[in-house]
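These numbers were taken from a predicted model, which means no experiment stands behind them. What you see below is based on every heavy atom in this structure, not just the backbone, and it leaves out hydrogens, waters and symmetry mates.
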Amino acid sequence: MMGTEWLELHPIFDRYAIYNDHYDGELEYPGDALGRDCMIGAFLPEDPGFIRLYKDSGKRNEDWFSFGARVYAPISGKIASLYINEVTNDPGIQNPSRASTLSIQASDNTVVILGHIQDPVVSLGDTVEEGQLLAYVGNNGYARNPHIHVGAFRGETPLAIVFDPKKVAKVRNRVGELHWLMGISDEEYEKRKKK
């Protein structure tokens, strides 16, 4: 897309993340177009050979490192919409229904949408600051596995997104390397090493 506009965001996870970008033309609606699907990847403490998206077979939502993970505000603004789909998908099976979503509208009218959330801790009309806890990762709507879809637009113009590397570094430094890569504390890691 010639002249694509970009938006730098605060990271939505306090963990190592893997992304799948929706390419230009794949999805047409603002909030979907040029969006990014975000999943948590982790090293298993007992087998730290490579990053994985899930443990065991991945056939249960609880196997996925993303499922139930905290989702933080990528921008500051007002909760402009909030919709909850109560049906949780099984991994590998899509439900052709609307995903649970919330949107944040910034003061410059930029809107960021977070799809496939569950258990929001904010309400419609709330003012939020970037980095604030919003909800948790679910698996609902048109999704095959737990993840968060992030999309952004201004007016009818979709925005390509990137997570600000400096803000990612600050979050990683705050939570520490073991939490970032494995989702556990230093103490838990030491305990597991002794087994």
Side-chain angles (χ1 to χ4, degrees), residues 9 11-23 26-29 31-74 82-103 112-122 133-151 161 163 168 171-172 175-195:
L9 300 175
I12 62 166
F13 299 138
D14 62 0
R15 302 276 306 277
Y16 179 87
I18 296 171
Y19 311 110
N20 176 54
D21 292 325
H22 292 290
Y23 56 83
E26 178 184 9
L27 302 171
E28 62 181 285
Y29 302 106
D32 285 337
L34 304 182
R36 177 173 269 193
D37 290 342
C38 308
M39 295 159 277
I40 292 174
F43 288 104
L44 298 179
E46 59 276 8
D47 182 15
F50 54 91
I51 291 278
R52 305 166 191 229
L53 295 175
Y54 54 84
K55 60 185 178 187
D56 299 327
S57 68
K59 291 183 179 178
R60 299 176 316 128
N61 282 310
E62 294 76 14
D63 291 345
W64 290 75
F65 301 119
S66 297
F67 190 70
R70 293 178 294 259
V71 179
Y72 298 97
L82 180 61
Y83 171 80
I84 299 300
N85 178 344
E86 298 292 343
V87 177
T88 298
N89 301 344
D90 290 325
I93 300 172
Q94 291 178 319
N95 180 339
S97 61
R98 183 176 169 193
S100 295
T101 57
L102 67 77
S103 68
V112 174
I113 292 178
L114 301 167
H116 311 293
I117 63 163
Q118 67 180 6
D119 303 325
V121 298
V122 294
L133 179 64
L134 298 175
Y136 297 87
V137 179
N139 183 11
N140 52 64
Y142 197 68
R144 287 186 179 91
N145 60 272
H147 72 283
I148 294 295
H149 170 87
V150 181
I161 60 171
F163 293 102
V168 172
V171 170
R172 184 261 177 229
V175 299
E177 182 177 19
L178 291 175
H179 176 81
W180 183 255
L181 293 176
M182 298 181 189
I184 60 176
S185 66
D186 293 358
E187 295 79 20
E188 177 66 18
Y189 181 73
E190 290 303 320
K191 190 164 59 172
R192 290 185 187 196
K193 263 182 33 177
K194 291 177 184 175
K195 288 183 179 180

Looking only at atom types and distance, does a side-chain atom of Glu188 sit under 3.5 Å from a main-chain N or O of Ser185, one as donor and one as acceptor?
no

Between Val168 and Trp180, is the side chain to side chain contact (heavy atoms under 4.5 Å, CB included) condition met? List the steps.
CA-CA 11 Å; Val168 172; Trp180 183 255; 3.8 Å; yes

Would you please name every residue forming a side chain to side chain donor-acceptor pair (under 3.5 Å) with Thr101, sequence neighbours left out?
none

Quick one: sort the His116 and His149 rings into parallel, tilted or perpendicular, breaks at 30° and 60°.
perpendicular

Output all residues satisfying salt bridge (charged side-chain N to carboxylate O under 4.0 Å, His left out) with Arg60, sequence neighbours left out; order by chain, then residue number.
Asp63

Suppose we screen for side chain to side chain donor-acceptor pair (under 3.5 Å). Which residues come up paired with Gln94, at least two apart in sequence or across chains?
Tyr142

Is the backbone N or O of Leu27 less than 3.5 Å from a side-chain atom of Asp32, with the two atoms forming a donor-acceptor pair by type?
no

Which is it for Leu133 and Tyr72 under the side chain to side chain contact (heavy atoms under 4.5 Å, CB included) test, yes or no, and what are the steps along the way?
CA-CA 4 Å; Leu133 179 64; Tyr72 298 97; 4.2 Å; yes

Within residues 83-92 or reaching into it, pairs that qualify as side chain to side chain donor-acceptor pair (under 3.5 Å) - sequence neighbours excluded
Asn85-Ser97

Do any pairs count as a salt bridge (charged side-chain N to carboxylate O under 4.0 Å, His left out) and have a residue in residues 33-44, sequence neighbours left out, and if so which ones?
Asp21-Arg36

If the condition is ring pair (Phe, Tyr, Trp, His ring centres under 6.0 Å), which residues does Tyr29 pass it with, not counting sequence neighbours?
none

Flag the pair Ser66 / Asn139 as yes when at least one side-chain heavy-atom distance between them is below 4.5 Å, and no otherwise.
no

Partner set under ring pair (Phe, Tyr, Trp, His ring centres under 6.0 Å) for Phe163, not counting sequence neighbours
Tyr19

Take Leu34 and Ile161, measure what side chain to side chain contact (heavy atoms under 4.5 Å, CB included) needs, and give me the verdict at the end.
CA-CA 8 Å; Leu34 304 182; Ile161 60 171; over 6 Å; no

Run the side chain to side chain donor-acceptor pair (under 3.5 Å) test against Tyr136 and tell me which residues pass, sequence neighbours left out.
none

How would you list, by chain and number, every residue that makes a ring pair (Phe, Tyr, Trp, His ring centres under 6.0 Å) with His179, sequence neighbours excluded?
none

List the atom pairs, donor and acceptor, that lie under 3.5 Å between side-chain atoms in residues 43-58 and the rest of the protein, sequence neighbours left out.
from, atom 1, to, atom 2, distance (Å)
Asp47, OD2, Arg52, NH2, 2.5
Ser57, OG, Lys59, N, 3.2

Could I get the full list of side chain to side chain donor-acceptor pair (under 3.5 Å) partners for Glu62, not counting sequence neighbours?
none

Residues Ile117, Leu82; criterion side chain to side chain contact (heavy atoms under 4.5 Å, CB included); working and verdict
CA-CA 10 Å; Ile117 63 163; Leu82 180 61; 4.2 Å; yes

